Amino acid sequence: MNLEQTLREPIAPTKYLWWQHGVIYQIYPRSFQDSNGDGVGDLKGIVSRLDYLKWLGIDCIWLSPIFSSPMADFGYDISDYCGVHPLFGTMADFDELLEETHSRGMKVLLDLVPNHTSNQHPWFLESRSSRNNPKRDWYIWHDGGENGELPNNWLSVFGGHAWEWDETTGQYYYHAFLKEQPDLNWRNPDVQQAMLDVMRFWLDKGIDGFRVDVMWHMIKDSQLRDNPVAPDSPFHADDLIYDHYIPTYSTDQPEVHEIVRMMRALTDEYEERVLIGEIYLPIHKLVTYYGQGGSEAHLPFNFQLLTLPWDAARIASSIDEYEGALPMNGWPNWVLGNHDKPRIASRVGRSQAKVAAMMLLTLRGTPTIYYGDEIAMRDVPIPMDEIVDPQGLNMPELNVSRDPARTPMQWSNEIHSGFSQHKPWLRLPYNSGRVNVEMQKKDPHSMLAFYHKLIAARKQYAALNIGAYIPVYSDQQLISYIRQFGDERFLVILNLTHRPGYFRPRTGSYSGIVILCTEIERVGMSVSGIIAMGGDEGLLIKLN
Ligand code: NOJ
């Protein structure tokens, strides 16, 4: 065994927790399964599909927000953190979901949205009612400049200024997202306590952890300094486009780590719960959210596969950079899709999406699957007059609506694809009678069959879920790496292009049997030496 292997060799499989060796599945509740015929998915609907998720091999479901909300941002604007929105059902339905999920040996994560509330939340209603209200300081209020100018140049992620003038009290308040989503002032200890109480409420109920929304936004510069203009932005001062500035002072402030530590300390009072952070930052900053000595998030979400161009050299180097940057005992994780970004099958095409699936499920670390990606759902074209996502509505010229990636799950060729008896809140694609779970379950070549086998292989072989990661070779087309545990060794070769290529490592020679392939005909074949790879091909090889 060489030094590299020794360094990354896991100690013993029993030391690993469910959130390390398991597979997480993100459910967007509005779009998973409708049970009451109103065209919107709900909790009872999710319960009716748990057996499917169990069959697929999922260990944990994460639900996007199900709480009381005016739905300005589809539930990411919460008006009661401890209440269930009637669209999704009741608290009794949630309790049933929790019990049914647990009884099948799966876990449940909820979305915690601590950075901002709805402007209809009682806290904000109080805060805005007068400058003397005890909750005034729960949000970020500011007079603005001497002549009424905005407090600074910060922009909203959804376009436009991030400051909203409030007539009642004659001050501005800050909102990183919609004006209906005022940011809480996390420097205020009462706010901290109130949100920790919310966490406790759900943890006491028995949920298995949280995915924390926009974790890196929670604290802003105390002096509210202007953000700098991004160096290569096509800058026009009146564009008011978020990406034209670097959010140096509005996000990722040093003090945010104290807050994450508080959340982690609370999580640690319970057994085997997990804290996941939504964080879009470059790797060297992302890894700081594991915290000193692992005192912050268990899993700061790693969005490299979601944000990088689909380019073998770029992705190979980012995998290695990430592996190298992880702190001691920092457990890796990988995300291929979510409700905010275009679906993988639309970004890289359906054939290449199989290669991406193999990457997601064979890299070292916890994978998160976005509902529907396992059947290669593509972004659905939504006619302009049907757009409902505020990000899309606010910036129509940029084509950034998130609706296309949030469409109903395609279950079968029944009415509305088995999702609902009623017209769904977002339309289905024309081909949903063909691209759906029912059809793909019968087809051994389907994406679903492939996901099913990949997840089964991960469960069968320790090397694939907790084994060491050893990079082998990459070029402009291919990425390859070994996963190893004890004597068990697998070689993964992925061709990220549509053209054939050659696996020709500069050192070593590898031979083994293909146990999984993007096209099943190659399964069972022996390979060795220089391996010719088809376009859009991925191979999982058990090494001799
Ligand atoms: C991140 C969520 O993923 C996104 O859907 C939401 O719009 C923003 N946070 C604001 O809450």
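Remember, it's 1-based here, ligands and their atoms both numbered in the order they're listed. This one's a predicted model, so the numbers in the text were calculated from it and none came from an experiment. Numbers here are sequence positions counted from 1. Only heavy atoms go into these numbers, but all of them, side chains included; no hydrogens, no water, no symmetry mates.
A230 is linked by a side chain to side chain contact (heavy atoms under 4.5 Å, CB included) to S233, I246, counting only residues two or more places apart in sequence or in another chain.
The aromatic rings of H339 and W62 lie perpendicular to each other, with more than 60° between the two planes, well past the 30° mark.
Around atom CD of E269, more than 12 heavy atoms belonging to other residues, nucleotides or ligands sit under 6.0 Å away.
Residue pairs meeting the salt bridge (charged side-chain N to carboxylate O under 4.0 Å, His left out) criterion with at least one member in residues 59-85, sequence neighbours excluded: D59-K459, D73-R402.
Taking a heavy-atom cut-off of under 4.0 Å, ligand 1 is surrounded by D73, Y76, H116, F158, F177, Q181, R211, D213, V214, E278, H339, D340, R402, R406.
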May I have the list of side-chain donor-acceptor pairs in residues 121-129 shorter than 3.5 Å, sequence neighbours left out?
unit_1, atom_1, unit_2, atom_2, d
H121, ND1, W123, N, 2.9
S127, OG, K135, O, 3.0
S127, OG, R136, O, 3.1
S127, OG, W141, NE1, 3.0
R128, NE, D166, OD1, 3.2
R128, NH2, D166, OD1, 2.9
S129, OG, E126, O, 2.6
S129, OG, N133, ND2, 3.4

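Judged by distance alone, with hydrogens and angles left aside, the side-chain atoms of Y270 form no donor-acceptor pair with the main-chain N or O of G209 at under 3.5 Å.
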